[in-house]
Structure formats: C-alpha cells, structure tokens
Amino acid sequence: MAAPAATEKAQWSSRFAFVMAAVGSAVGLGNLWRFASEAGENGGGAFIVVYLMCVLFIGIPALMCEYAIGRASDKASAVQSVTDVARRSNASTAWSATAWIGMIAAFMVVCFYSVVAGWVIAYIPKFALGMFNGLSDEQISAQFGALNGSLGQEIVYMTIFVALTVWLVARGVNEGIEWAAKMLMPVFFFLLLALCAVALMIGDAGAAMSWMYLPDFSAINPSVAVSALGQAFFSLSLGSAIMITYGSYLPRGINIPRSSAIVGGMDTFVAVVAGMAIFPIVFALGMSPDSGAGLFFQTLPVALHSVPGGNLFGTAFFVLALFAAVTSSISLLEVSTAYLVDKLKLSRTKMAIALGAGIWVVGALCAYSDAFFGALDNISGKIMLPLAALIAVLFVGWRMTKEIRDQEIEGLPAPVMRVLYLLIRFIAPAAIAIILIMGAIQQWAPGLYQSIFPPQPAAVEEGAAPGALEDEDTAAEAEQAEEQAETVPEPEG
Ligand code: PHE
C-alpha cells in the first residue's frame with residue numbers, strides 16, 4: 001500500500017537549504033559560459049542593462065508564479081501539482097502542459113549540458129597539471145577543437161558528470177540536492193569573489209568596467225533584447241518545471257516574493273561578477289570579448305596562460321564552474337525523477353539511474369553530432385522553455401483562483417502587488433510571447449529573421465574597439481579550425 005502523501009513528499013529542511021538549492025539550480029554554466037558569450041556578442045553594457053530589466057520585471061515575477069504553483073499543491077511532481085491546482089481553480093487540466101513541456105525540455109537541456117560540463121571537467125587537469133605550459137596561444141586554443149574532435153574523451157568526461165548527477169539525485173531531496181547545494185554554493189561564492197578580485201587586479205579593470213557598465217545605448221536593438229530575455233530565462237531555470245518542483249518542497253511560512261527576489265538577485269550577481277572575472281583578463285591581452293561560445297574554452301585559457309598564477313586561477317575557475325554545473329544538473333534531472341518515481345512507484349535510485357542512462361545516450365549523440373547538439377539546444381532553449389514559462393505565467397495571472405494566489409504570493413504592500421499583477425498578467429506574457437515568436441522565426445525561417453534583424457548594425461555600432469577586432473578573430477579561428485581538420489562547434493548555450 002502506498003504511504004500517505006504527506007510522508008511521501010519531501011520538504012526543504014530550512015529556508016537556507018531552499019535558497020541554496022534554488023540558487024544552485026539557477027547559477028550554472030548559463031551564468032559563466034553563456035552569459036559572458038551573450039554579453040560579449042551583444043555589446044557588453046547595452047546587453048547588461050536590458051538583461052537587468054528582464055530579470056527584474058519579467059524573470060522574478062515568473063519565478064514567483066512557478067513557486068506559487070508548486071507550493072499550492074501537496075502533490076509530488078510538477079505535472080501533478082499543476083493538474084491539481086488547475087482542478088481546484090476550475091480550469092482545464094491542459095494547463096499541466098507547462099509542466100510536461102518543461103519536464104521534457106529539462107531532460108533535453110541536461111543532455112547537452114552534460115557534454116559542456118564534461119568539457120569543464122577536462123580543463124581542470126589541463127590547468128592543475130600545467131599542461132598548457134610552454135604552448136603557444138594557437139596551440140592552447142586548438143585544445144578545445146582536439147577535445148571536441150575526440151568522441152572518446154568527451155564521453156569519458158561526460159560519463160563522470162552524469163554519474164555525479166545521478167548519485168546526488170538518487171540520494172534524495174535532503175541528503176542529495178540540499179546537501180550538495182549547501183556545501184558547494186558557499187564555496188562557489190567564495191571562489192568567485194576571490195577570482196574576481198584577482199582578475200580586477202591583474203587584468204585591465206578599467207577597460208572591462210567601462211565596456212560592461214557604460215552602455216552604448218545605441219547598441220540596444222530588438223535582437224539584443226531578445227537575446228537578453230532568452231538569457232534571463234535560461235539563467236533563472238524558468239520554464240523547465242524545476243521551480244515548480246522546488247516550490248512543491250517549500251514549507252509554508254516561507255515568503256515566495258522575497259525568496260524569488262533573492263534567487264533572481266543572486267543569480268544576476270553571479271553572472272555580473274563572473275563577467276568581471278573574465279573580461280578584465282580578456283581585455284588586458286587585447287582579445288575580443290565577442291568570440292561567442294569559444295570565449296570560455298578558448299579565449300579564457302589563452303588569456304589565463306599569459307598571466308601570473310594563471311594555472312592556479314584556471315584550476316579554480318573551472319572547479320567553480322563544475323560546482324555550478326552540478327547543482328544545476330541535479331535540478332534538471334530531479335524534475336523527471338520526481339515525476340516517474342511517483343508515477344511508476346519505483347525507487348528513486350532506480351529511476352535516477354534509468355534516466356541517467358538515457359541522458360548518457362542522448363548526451364553521447366550530442367557529443368557525436370554538433371548539428372544534433374545545436375538542434376536540441378535551440379528547440380529547448382528558444383521554444384520549449386519560453387513556451388512553458390508563458391503557460392505558467394498565464395495560468396497564475398488569469399486562471400488560478402484568487403484565494404490560492406493570495407495565499408502563495410503574499411506579504412507585499414498593496415501598490416507593489418498591483419504592479420506585480422500588471423507584470424504577471426500583461427507585461428511578462430507579452431514579452432515571453434515575443435521571444436517565443438522571434439525564436440521560432442529564427443529556428444524555422446532564418447531568412448525572415450535576417451530581414452527583421454539585419455546582422456550588421458549591432459556589431460558595427462557596439463563599442464568601436466571590441467567590434468573592430470571581430471573579423472580578424474574569426475579569420476584566426478577559421479585558420480585554426482582548418483589546421484586541426486576538426487570543426488569547433490558553436491553551441492549557443
Ligand atoms: N539555469 C542553469 C544555468 O544557468 C541551467 C538551466 C537552464 C537549468 C535551463 C534549467 C533550465 O546554467
């Protein structure tokens with residue numbers, strides 16, 4: 001006989017545990033690898049200003065909606081939570097589409113995420129054992145292509161990462177997820193601040209700061225806005241049913257608006273501080289900040305190689321990235337694990353291992369084919385995550401009963417509440433719908449996208465110096481790629 005629901009459903013042991021787990025999910029490779037490359041390609045300060053507005057006005061309200069749905073129900077998985085709250089609100093159970101789409105998207109994300117995290121693991125011994133010593137810049141940069149071209153190596157590193165993720169999820173909400181987040185996140189913050197301080201001292205702090213914080217407002221265009229909003233969603237783990245699931249482990253008495261603001265604030269803080277750890281070094285060597293996905297695995301190692309203490313700095317940076325990646329991947333796996341454990345009544349360990357095997361197979365396909373990697377990344381990131389988030393926000397704004405809503409989203413003064421509902425009902429859905437449509441056009445009608453957002457103006461306008469280096473850089477990269485006779489993929493995150 002099944003145990004009563006109350007004992008089946010896990011709960012965070014404290015507010016600190018919840019905040020660390022939620023921040024752990026949000027803070028990940030998205031803040032380091034993806035944020036830096038997006039900011040770099042979209043004009044630095046211009047992107048950052050729009051990004052901050054997206055987090056504040058759209059991301060944080062959307063977080064509140066997902067937590068509210070999760071906590072409003074005592075069910076054990078996101079799909080059931082939404083179904084349950086929809087029933088109680090006399091709304092169609094089709095609203096559970098937010099959890100279904102989110103859960104499938106989370107599974108897709110964790111597959112390619114594990115490949116990238118595998119690259120991160122591969123770079124730790126490279127720095128720690130001084131394997132870059134004595135190499136030329138080209139040789140260091142070419143290491144990424146070599147790693148990428150070796151399916152065997154990629155699979156070995158990915159396997160380590162998937163095994164780690166499975167192990168933590170199998171240990172459960174308190175002993176696994178919460179434990180990892182409470183241990184790793186504080187170390188992560190400490191390392192990040194230390195690295196940022198070092199980078200500001202040894203790098204070109206002035207150039208980095210003015211590029212990041214003195215926005216060239218003329219560089220803001222619709223394409224920058226779409227990228228910024230997409231990045232905000234990815235970074236806050238929105239639309240992946242994760243925050244609904246984590247919300248369902250939330251005890252009463254924890255204030256949802258406040259927690260959402262803390263999670264959104266900390267996630268943004270990490271992205272910005274990571275930028276301040278990366279860009280001063282990139283600028284100090286006169287390198288271009290807009291080398292995209294290569295920034296993290298090519299530009300940064302080359303830059304670190306030529307600064308004093310670079311090996312130590314590099315080891316610390318990639319260890320930190322690994323911590324961030326693990327606390328995100330456990331959240332990505334937890335969503336489907338929670339659903340299947342409840343549905344099939346199998347043990348958590350068995351389910352986590354079975355899903356881990358699935359991730360391993362799909363991850364290996366991503367490592368094998370850049371096209372497959374890109375497709376998975378684009379469809380999940382540009383279509384599924386925003387779509388699931390849109391459904392969640394619309395549900396809370398328009399269909400959830402007022403009683404349930406007021407019980408979950410509470411503790412704010414009336415005028416703030418009114419603004420919040422304006423955001424939840426109108427602004428956020430409209431903005432998400434726009435990124436969704438733009439993402440779909442970009443995916444399925446690239447020609448049309450190009451005519452809406454001609455590629456040139458942003459790159460030309462955005463700050464003279466960095467933009468000017470772009471062509472040279474691309475040419476150099478192309479040469480390297482030829483030399484290695486291996487294509488370096490350009491994952492967009
Ligand atoms: N937010 C995590 C990061 O920034 C990754 C993630 C993306 C998690 C999408 C869930 C959904 O790395």
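Below, all heavy atoms of this structure are taken into account, side chains as well, without hydrogens, waters or symmetry copies. Bear in mind the structure is a predicted one, so any value in this text is a computation, not a measurement. Each ligand, and each atom within it, is numbered from 1 in the order the structure gives.
- Only backbone heavy atoms of Ser25 (N, CA, C or O) come within less than 4.0 Å of ligand 1; its side chain stays farther off.
- Distance check, rounded to the nearest 0.5 Å: OG1 of Thr268 to CG of Leu236 gives 6.0 Å.
- Contact between Ser380 and Ala105 at its shortest, heavy atoms only, is CB-O, 4.2 Å.
- Between Leu385 and ligand 1, no N or O atom pair is found at a separation short of 3.5 Å.
- Between Phe234 and Tyr113, the ring planes are tilted. Angles from 30° to 60° get that label.
- Heavy-atom contacts of Asn31 reach the following atoms of ligand 1: 4 (O) (cutoff under 4.0 Å).
- The single protein non-hydrogen atom nearest to atom 8 (C) of ligand 1 is Ser237 OG, 3.2 Å, given as residue, atom name and distance.
- Ligand-side atoms of ligand 1 in range of Ser235: 1 (N), 4 (O), range being under 4.0 angstrom from any heavy atom.
- Between Phe279 and Phe283, the angle of the ring planes lies from 30° to 60°, which puts this pair in the tilted group.
- For Phe190, the CZ atom sits in a loose shell: 12 or fewer heavy atoms of surrounding residues, nucleotides or ligands are nearer than 6.0 Å.
- Shortest non-hydrogen contact noted between Phe317 and Ala277 is CE1-CB, 3.9 Å.
- Protein heavy atom in closest approach to atom 7 (C) of ligand 1: Phe234 O, 3.3 Å.
- Considering backbone and side-chain N/O of Gly30, one or more are found under 3.5 Å from N/O of ligand 1.
- Annotation for ligand 1: atoms under 4.0 Å from non-hydrogen atoms of Ala26 are 1 (N), 2 (C), 3 (C), 4 (O).
- Of the heavy atoms in Ser240, only side-chain atoms (C-beta onward) come closer than 4.0 Å to ligand 1.
- Remark: ligand 1 atoms within the under-4.0 Å shell around heavy atoms of Tyr113 are 3 (C), 5 (C), 12 (O).
- Ring centers of Phe318 and Tyr123: under 6.0 Å apart, within the cut-off.
- The distance from ligand 1 to the heavy atoms of Ile242 drops below 4.0 Å at these ligand atoms: 10 (C).
- Only the side chain of Leu332 comes within contact range of ligand 1, with a heavy atom under 4.0 Å; no backbone atom does.
- One finds no salt bridge joining Arg348 and Glu175 here, because no Lys/Arg side-chain nitrogen approaches an Asp/Glu carboxylate oxygen to under 4.0 Å.
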